[in-house]
Chemist: 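This is the structure I have questions about; it appears just below.
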Number of protein chains: 2
Amino acid sequence: MASIKDVAAEAGVSVATVSRVLNDHPSVSADARTRVLAAVETLGYRPNAVARSLRTDQTHTLGLVISDVMNPYFTELARSVEEEARALGYSVIIGNADERPDLQDHHVRNLLDRRIDGLLVSPTDGGSPLMLDAVRAGTPMVFVDRWMPGVAVPVVRSDGRAAIRDLVAHLHGLGHRRLAIIAGPAATTTGQERVAAFREALRAYGLDLPDAYIGQGDFQAESGRRVTEGFLDLPEPPEVVFAADNLMALGALDAVRARGMRVPQDIALAAFDDIPWFVHTDPPITAIAQPTGELGRAAVRALVDRIEGRPPESVTLPARLVVRRSCGEPSPRNVAVDPVTNRSES
Amino acid sequence: MASIKDVAAEAGVSVATVSRVLNDHPSVSADARTRVLAAVETLGYRPNAVARSLRTDQTHTLGLVISDVMNPYFTELARSVEEEARALGYSVIIGNADERPDLQDHHVRNLLDRRIDGLLVSPTDGGSPLMLDAVRAGTPMVFVDRWMPGVAVPVVRSDGRAAIRDLVAHLHGLGHRRLAIIAGPAATTTGQERVAAFREALRAYGLDLPDAYIGQGDFQAESGRRVTEGFLDLPEPPEVVFAADNLMALGALDAVRARGMRVPQDIALAAFDDIPWFVHTDPPITAIAQPTGELGRAAVRALVDRIEGRPPESVTLPARLVVRRSCGEPSPRNVAVDPVTNRSES
DNA sequence: GGAACTCGTGGAATCGATTACACGACTCCG
DNA sequence: CGGAGTCGTGTAATCGATTCCACGAGTTCC
């Protein structure tokens with residue numbers, strides 16, 4: 001592969017001049033410029049990004065470490081991150097932590113070794129020493145969706161509290177009183193917050209959230225299934241199961257079906273994180289939708305601000321309730337416009 | 001960030017010795033080794049992968065350019081690719097082409113500039129000059145899922161012909177005679193092949209595939225919707241719609257529902273590419289499942305073989321039919337075990 | 001007319017690693 | 001005892017770019 005030296009030789013100039021042309025530095029004569037460009041063309045020369053990075057100490061690359069690529073929420077997040085990054089002249093390397101702290105650390109270490117310019121993380125746990133070190137060492141970092149409390153890193157996330165209040169209002173309006181939640185890992189902020197918000201919302205209606213109605217999940221479908229089976233085995237099973245993410249909701253749906261029970265007639269189901277597929281499930285699932293694309297874009301902008309020396313901003317965007325049929329027929333005032341079909345559902 | 005020089009100074013040896021310790025080269029004294037390792041520890045030194053790559057001309061990175069990350073099939077493919085690559089000591093940079101040749105070229109160029117060791121591509125079109133140049137220049141490359149005909153690059157894919165024959169047999173057994181297909185882009189091999197295999201399978205039953213029953217889609221949900229509406233507007237609409245990928249099947253399902261029609265009573269639906277969600281749709285969708293994970297792993301192995309100087313092998317694995325309820329009640333002998341729940345469905 | 005500038009250019013240092021080569025200290029063996 | 005190996009180590013070249021500095025030629029201005 002041709003190097004800058006070959007181009008210089010072909011154009012009859014020094015490598016310095018070639019470099020200047022390539023980085024359109026002003027002081028290059030028109031003559032030299034055309035000769036260099038011609039040489040670049042004939043040799044099919046492309047600058048070696050590795051060499052350039054070594055010299056400039058910039059890779060124009062962002063690292064994105066997410067908890068689970070197979071979760072459509074994170075897939076969409078990854079996609080919007082890549083789009084915004086590309087628009088700003090950066091590439092993205094994605095690391096899939098699969099909800100495993102050791103894998104998360106593997107990816108963070110790998111990305112740091114590659115000298116990425118900045119790191120976007122949705123931490124699987126509350127306190128990776130490796131990440132704390134990286135922050136302390138000055139690595140530009142932004143948390144997205146989840147974060148690590150007490151760490152001085154901007155956070156881009158959505159606040160689901162209002163939407164969870166709306167959900168509880170909706171459920172209460174349908175006559176449900178025994179509400180259970182499949183929680184996420186206690187080590188994640190989203191895992192904790194959603195339970196706290198749910199409990200708080202219930203209290204507003206004078207409802208309690210007994211321990212038996214809090215199932216410990218791990219954001220994966222299988223745990224949703226397991227926890228739901230536990231709920232159904234209770235002497236007094238809940239009337240509603242609220243899953244703290246979309247995959248656990250799917251597991252819950254499986255568990256309910258496996259018992260030959262029907263949603264919503266026998267038990268109602270709702271989920272945090274809306275995804276296109278929820279429109280097509282049987283029944284369509286009521287969910288809380290995050291502005292995922294906007295979160296990804298805002299996170300990239302915050303990170304690039306930090307990298308390029310501008311002050312980065314934390315961003316919190318509201319989530320919103322999308323009512324479908326999995327909790328029973330909604331009363332008319334709760335009808336929402338479906339984000340996928342753009343048609344209102346009844 | 002500490003460099004190899006700092007480590008050398010701290011340990012009181014030369015950089016050469018440090019490098020030897022790090023790459024566990026045999027001729028280093030035990031004494032020097034322990035001093036170097038101690039220095040590495042106290043400084044928290046991590047080798048700069050950029051510098052190492054420049055010198056060794058190896059990045060230990062693979063590029064993966066796929067057509068659409070939001071498609072669960074490709075998400076799963078990407079995941080298995082990353083896993084196998086990690087096991088073999090490589091990282092993966094994913095580029096999402098979004099079915100756009102220009103974006104595909106952007107990513108290929110970007111990856112080549114970064115001097116990735118090899119490229120895994122699922123081409124969106126039949127003949128990117130850029131990729132042809134890269135092949136000619138000797139870039140290790142492997143096609144996965146789709147390929148470019150006439151290019152000397154190993155292909156790892158699944159053969160759906162037998163499964164499509166099984167599908168047509170299943171449909172014929174249920175009494176369906178007017179079968180239509182939503183095709184993928186003609187520029188993709190998978191787009192063409194699935195239509196050809198479908199037509200061939202129909203012929204075995206003396207059935208025809210008229211032009212009116214071939215709709216041109218682009219592997220995206222919206223095109224599935226559009227094409228299906230066209231089918232439903234025909235004077236004699238088909239009894240079955242077979243979508244050449246999962247997203248178009250979803251679009252088709254939407255279109256059918258929007259007319260107030262039911263699957264499978266009013267029209268049957270089947271899809272190429274099975275995904276976990278198809279178990280949960282209303283009704284569960286009959287689909288042809290590819291061994292996606294195995295494809296991704298085989299593709300990585302082929303590529304790494306090529307990179308490390310071993311002869312790479314093309315791989316073709318069979319796809320298989322998974323019968324669910326979207327084409328009507330299957331007769332008992334067609335019952336298949338569901339890959340997600342591992343329970344047989346009736 | 002000469003000092004002061006500007007402009008275009010090239011030489012060479014530099015980024016952080018790897019590695020060929022040289023070299024001194026030992027060991028071994030005839 | 002001396003030549004030939006072996007072993008551990010350091011010096012320096014190298015990968016492919018960027019960029020500081022110096023320098024010659026041409027301009028400008030007093």
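The figures that follow rest on heavy atoms only: side chains count, while hydrogens, waters and symmetry mates do not. Lettering follows sequence order; numbering is per chain, from 1.
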Chemist: Could you state the atom-to-atom distance from CZ of A:Arg114 to P of C:dG16 in whole Å?
Modeler: 18 Å
Chemist: For A:His60 and D:dT18, give me the distance from atom NE2 to atom P, rounded to whole Å.
Modeler: 11 Å
Chemist: Could you please name the option among D:dA17, C:dT9, C:dA17 that lies closest to any side-chain atom of B:Arg55?
Modeler: C:dA17
Chemist: Between A:Asp305 and A:Arg301, does any side-chain N to carboxylate O distance fall below 4.0 Å?
Modeler: no
Chemist: Under 4.0 Å from OP1 or OP2 of C:dA17: is there any side-chain N or O of B:Lys5 that close?
Modeler: no
Chemist: Taking the nucleotide of DNA chain C with the closest heavy atom to each, which residue, B:Val18 or A:Asp31, is nearer the 5' end?
Modeler: A:Asp31
Chemist: What's B:Val13 touching, base or sugar-phosphate or nothing? Going by heavy atoms closer than 4.0 Å.
Modeler: sugar-phosphate
Chemist: Closer than 4.0 Å, any side-chain N/O of B:Ser19 to the OP1 or OP2 of C:dT18?
Modeler: yes
Chemist: Would you mind reading off the distance between B:Arg115 atom CZ and D:dG16 atom P, rounded to a whole angstrom?
Modeler: 9 Å
Chemist: Can A:Asp98 and A:Arg100 be counted as an ion pair, charged N to O under 4.0 angstrom?
Modeler: no
Chemist: Rounded off to whole Å, could you give me the CD-to-P distance for the A:Gln58 and C:dG16 pair?
Modeler: 14 Å
Chemist: Remember a base hit wins even if backbone is also touched, and classify B:Ala49 as base, sugar-phosphate or nothing at under 4.0 Å, heavy atoms.
Modeler: nothing
Chemist: Round to the nearest Å and state the distance from A:Ile4 atom CD1 to C:dG10 atom C1'.
Modeler: 13 Å
Chemist: Can any side-chain N or O of A:Thr17 pair as donor or acceptor with the backbone N or O of A:Val13 at less than 3.5 Å?
Modeler: no
Chemist: More than 12 foreign heavy atoms under 6.0 Å from CD of A:Glu308: is that the case here?
Modeler: yes
Chemist: Among C:dA12, D:dA17, C:dA20, which nucleotide has an atom closest to any side-chain atom of B:Arg20?
Modeler: C:dA20
Chemist: Please confirm whether the shortest side-chain N or O distance from B:Thr17 to OP1 or OP2 of D:dG10 is below 4.0 Å.
Modeler: yes
Chemist: A:Ser29 has a side chain; which of C:dT9, D:dG10, C:dG10 sits nearest to it?
Modeler: C:dT9
Chemist: Please determine, for the side chain of A:Arg52, which listed nucleotide (D:dG10, C:dA17, D:dT18) has the closest atom?
Modeler: D:dT18
Chemist: C:dG16 C1' sits how many Å from B:Leu22 CG, rounded?
Modeler: 12 Å
Chemist: Rounded to whole Å, how long is the line connecting atom CZ of B:Arg33 with atom C1' of D:dT9?
Modeler: 14 Å
Chemist: Going by an N to O cut-off under 4.0 Å, is there a salt bridge joining A:Glu99 and A:Arg146?
Modeler: yes
Chemist: Quick check: does any side chain N or O of B:His107 sit under 3.5 Å from a backbone N or O of B:Leu103, one acting as donor and the other as acceptor?
Modeler: yes
Chemist: What is the distance, to the nearest angstrom, from the CG atom on A:Asp57 to the C1' atom on C:dT14?
Modeler: 12 Å
Chemist: Which part of the nucleic acid does A:Thr56 contact within heavy-atom distance under 4.0 Å: base, sugar-phosphate only, or nothing?
Modeler: sugar-phosphate
Chemist: Choosing from D:dA12, D:dT19, D:dG10, which nucleotide comes nearest the side chain of B:Val15?
Modeler: D:dA12
Chemist: C:dT18, OP1 or OP2 - any side-chain N/O from B:Asn23 closer than 4.0 Å?
Modeler: yes
